[in-house]
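Inspection log for the structure reproduced underneath, given as structure tokens.
The basis for the numbers below is simple: all heavy atoms, side chains too, and nothing from hydrogens, waters or symmetry mates. Residues take their numbers from the sequence shown, with the count starting at 1.
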Amino acid sequence: MISRIDLRGDALPTGGALRDLLPRAEFDVEAALEKVRPICEAVHHRGDAALIEFAERFDGVTLDQVRVPATALTRALEELDPAVRAGLEESIRRARIVHREQRRTTHTTQVVPGGTVTEKWVPVERVGLYAPGGRSVYPSSVIMNAVPAQEAGVESIALASPPQKEFGGLPHPTILAACALLGVDEVYAVGGAQAVAMFAYGTQSCAPANMVTGPGNIWVAAAKRYFTGRIGIDTEAGPTEIAVLADATADPVHVAADLISQAEHDPLAAAVLVTDSVELADAVERELEPQIAATKHVDDRILPALRGKQSAIVLVDGVEEGLRVVDAYGAEHLEIQTADAAAVAQRVRNAGAVFVGPWSPVSLGDYCAGSNHVLPTGGCACHSSGLSVQSFLRGIHIVDYTREALADVAHHVVTLAEAEDLPAHGAAMKARFAWKVPQR
């Protein structure tokens with residue numbers, strides 16, 4: 001059901017050589033670029049008309065407008081299952097607790113007497129959020145994107161989610177209800193690359209945004225790449241991943257359940273167990289079959305994911321070697337289920353989020369830990385972070401020097417400008433001192 005990779009016995013390679021030994025889903029964003037290009041340019045030139053056309057072509061719905069009426073948001077919240085509403089409200093509450101603590105404050109540093117540099121943090125003006133609506137519905141993603149943007153102080157927040165035929169061309173009502181709970185009242189029934197294009201270019205109904213965030217399929221990822229430079233993006237999110245670093249102390253029931261929990265997202269989802277215990281590996285494999293039989297999404301998601309080249313059980317000589325493997329892998333979600341898991345977790349360098357011990361499963365982080373579940377995939381955790389308040393803030397330096405403070409350093413500026421063959425830079429200094437720079 002799931003392959004094995006045996007890295008025991010020999011010294012582990014380093015760098016790219018180790019990464020190349022590890023399982024990974026194929027996710028060719030570059031190949032998708034040419035397919036999304038005409039979609040994006042159609043939105044650029046025809047605006048809402050193109051969006052309505054694509055809704056009919058891709059989603060099978062006929063729309064009069066792409067903006068979701070306010071009454072639909074109100075109705076979705078009124079009709080929401082009370083238990084689901086309570087769960088969403090608790091998720092929002094916990095996310096706000098964590099993200100509010102991330103807000104940076106303005107700080108002034110005195111470099112020299114009379115010379116200061118202030119760093120102030122300014123939120124982007126307008127953000128477009130994307131909530132997927134394909135195989136699954138993700139109101140949790142609405143929360144994970146909207147809360148940090150709101151806590152950052154973003155003034156204008158809009159959200160797009162694919163129109164659903166069964167709901168009369170509106171996004172899924174649970175998505176709409178989550179928007180209502182968060183106070184996001186600008187919502188569009190637009191999916192895929194065309195949603196990113198709508199936010200990047202703007203249309204008759206939707207003003208352009210400075211930034212687009214939120215997970216999506218390969219077409220959304222390709223559109224984000226297409227518009228990089230024109231708008232800010234969070235990440236080109238690929239298929240979801242879980243890696244579990246476990247030793248003989250781990251419960252195979254827990255490990256198997258957590259691998260399955262990520263495999264049910266998508267047939268390209270990656271589920272990787274790294275362990276130094278053959279006994280645990282065997283026990284986990286035995287656990288997979290009955291647990292899979294007891295759930296849903298088996299043939300279309302879970303089995304393809306677990307049997308795919310992106311999933312494996314990786315055998316290592318010890319936890320130390322296991323740490324090297326998971327750091328090379330750079331998982332979106334990394335569980336540590338070892339003896340002294342907290343200490344091992346502190347040593348992890350590369351992961352989108354780390355889940356410590358048997359009582360901190362990835363499912364908790366997906367909904368109610370308070371952490372953010374929009375995380376780097378495809379090994380990008382070695383250089384990128386998950387979504388946070390910082391994602392929506394820009395740091396601006398404010399330089400304030402007196403005449404005396406400038407005079408004290410002017411000769412260095414002139415010297416460095418001339419060393420770079422930029423004499424006008426030096427002349428801009430000399431002009432302030434009657435062309436005579438004080439000598440030191």
Can [X] and [Y] be counted as having a side-chain donor-acceptor contact under 3.5 angstrom?
{"X": "Ser205", "Y": "Gln65", "value": "no"}
{"X": "His373", "Y": "Tyr138", "value": "no"}
{"X": "Thr116", "Y": "Asp400", "value": "no"}
{"X": "Thr377", "Y": "Glu241", "value": "no"}
{"X": "Glu166", "Y": "Gln164", "value": "no"}
{"X": "Thr213", "Y": "Asn145", "value": "yes"}

Give, for atom [atom1] of [X] and atom [atom2] of [Y], the distance between the pair rounded to the nearest 0.5 Å.
{"X": "Ile260", "Y": "Leu303", "atom1": "CD1", "atom2": "CG", "value": "9.5 Å"}
{"X": "Ser140", "Y": "Leu88", "atom1": "OG", "atom2": "CG", "value": "8.5 Å"}
{"X": "Asp366", "Y": "Leu364", "atom1": "CG", "atom2": "CG", "value": "9.0 Å"}
{"X": "Leu375", "Y": "Thr240", "atom1": "CG", "atom2": "OG1", "value": "8.5 Å"}
{"X": "Leu51", "Y": "Arg67", "atom1": "CG", "atom2": "CZ", "value": "13.5 Å"}
{"X": "His99", "Y": "Leu387", "atom1": "NE2", "atom2": "CG", "value": "6.5 Å"}

Contact check, side chains of [X] and [Y], non-hydrogen atoms, under 4.5 Å:
{"X": "Ile242", "Y": "Leu334", "answer": "no"}
{"X": "Ile231", "Y": "Met211", "answer": "no"}
{"X": "Leu73", "Y": "Val187", "answer": "yes"}
{"X": "Arg103", "Y": "Pro123", "answer": "yes"}
{"X": "Val154", "Y": "Glu125", "answer": "no"}
{"X": "Val244", "Y": "Leu259", "answer": "yes"}
{"X": "Val127", "Y": "Phe392", "answer": "yes"}
{"X": "Lys120", "Y": "His107", "answer": "no"}

Within the distance-only criterion (no hydrogens, no angle test), does the side chain of [X] pair as donor or acceptor with the backbone N or O of [Y] below 3.5 angstrom?
{"X": "Asp317", "Y": "Gly9", "value": "yes"}
{"X": "Ser360", "Y": "Phe355", "value": "no"}
{"X": "Asp258", "Y": "Ser261", "value": "no"}
{"X": "Arg349", "Y": "Asp327", "value": "no"}
{"X": "Arg126", "Y": "Ala207", "value": "yes"}
{"X": "Ser277", "Y": "Asp247", "value": "no"}
{"X": "Ser3", "Y": "Ser311", "value": "yes"}
{"X": "Thr295", "Y": "Ile292", "value": "no"}
{"X": "Thr74", "Y": "Ala70", "value": "yes"}
{"X": "Gln150", "Y": "Leu182", "value": "yes"}

Where [X] and [Y] come nearest, the two heavy atoms and their spacing:
{"X": "Leu176", "Y": "Ala72", "answer": "CD1-O, 4.2 Å"}
{"X": "Ala281", "Y": "Thr275", "answer": "CB-CG2, 4.2 Å"}
{"X": "Pro215", "Y": "Ala237", "answer": "CA-CB, 4.3 Å"}
{"X": "Ala189", "Y": "Pro171", "answer": "CB-CD, 3.7 Å"}
{"X": "Leu159", "Y": "Cys179", "answer": "CD2-SG, 3.9 Å"}
{"X": "Pro13", "Y": "Leu18", "answer": "O-CB, 3.5 Å"}

message: By the definition side-chain contact (heavy atoms from CB on, under 4.5 Å), identify the one residue from Val212, Val374, Leu129 that meets it with Asp234.
response: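 When side-chain contact (heavy atoms from CB on, under 4.5 Å) is applied between Asp234 and each of Val212, Val374, Leu129, only Val374 qualifies.
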
Could you tell me whether [X] and [Y] make a salt bridge, using a distance below 4.0 angstrom between a side-chain N and a carboxylate O?
{"X": "Arg96", "Y": "Glu151", "result": "yes"}
{"X": "Arg94", "Y": "Glu89", "result": "no"}
{"X": "Arg37", "Y": "Glu41", "result": "no"}
{"X": "Lys296", "Y": "Glu264", "result": "no"}
{"X": "Glu53", "Y": "Arg57", "result": "yes"}
{"X": "Glu90", "Y": "Arg93", "result": "yes"}

task = Let me see the working for Ile5 and Ile313 under side-chain contact (heavy atoms from CB on, under 4.5 Å), right down to the final yes or no.
result = CA-CA 6 Å; Ile5 300 172; Ile313 295 174; over 6 Å; no

Looking at Gln110, I'd like to know if its CD atom is crowded, meaning that more than 12 non-hydrogen atoms belonging to other residues, nucleotides or ligands lie closer than 6.0 Å.
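More than 12 heavy atoms, drawn from other residues, nucleotides or ligands, come within 6.0 Å of this atom.
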
(message) Can you tell me if Glu119 has over 12 outside heavy atoms packed within less than 6.0 Å of its CD?
(response)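 Counting neighbours around CD of Glu119, more than 12 heavy atoms of other residues, nucleotides or ligands fall under 6.0 Å, so yes.
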
Exercise. Run the salt bridge (Lys or Arg N to Asp or Glu O under 4.0 Å) check on Glu236 and Arg225 step by step: do they pass?
Worked result: CA-CA 7 Å; Glu236 295 176 8; Arg225 181 175 295 185; 2.7 Å; yes

Are Phe58 and Ile39 close enough, and set up right, to give a side-chain contact (heavy atoms from CB on, under 4.5 Å), and what steps lead you there? CA-CA 11 Å; Phe58 299 131; Ile39 294 172; 3.9 Å; yes

Could you walk me through whether Glu285 and Arg4 pass the salt bridge (Lys or Arg N to Asp or Glu O under 4.0 Å) check? CA-CA 11 Å; Glu285 281 207 79; Arg4 290 198 187 191; 2.9 Å; yes

- Query: For Tyr201, is the NZ or CZ atom of Arg230 found under 6.0 angstrom from the centre of its six-membered ring and inside 45 degrees of the ring axis?
  - Reply: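 No, Arg230 and Tyr201 do not form such a contact.
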
- Is the centre of the His254 ring less than 6.0 Å from the centre of the Trp359 ring?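 Judged by ring-centre distance (under 6.0 Å), His254 and Trp359 do meet the cut-off.
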
Report task. Go through the steps to decide whether Gln291 and Val253 satisfy the test side-chain contact (heavy atoms from CB on, under 4.5 Å), and finish with yes or no. Result -> CA-CA 9 Å; Gln291 289 196 33; Val253 174; 3.7 Å; yes

As a quick check of understanding, evaluate side-chain contact (heavy atoms from CB on, under 4.5 Å) for His265 and Arg301, giving each step before the final call.
CA-CA 7 Å; His265 276 288; Arg301 303 183 205 173; over 6 Å; no

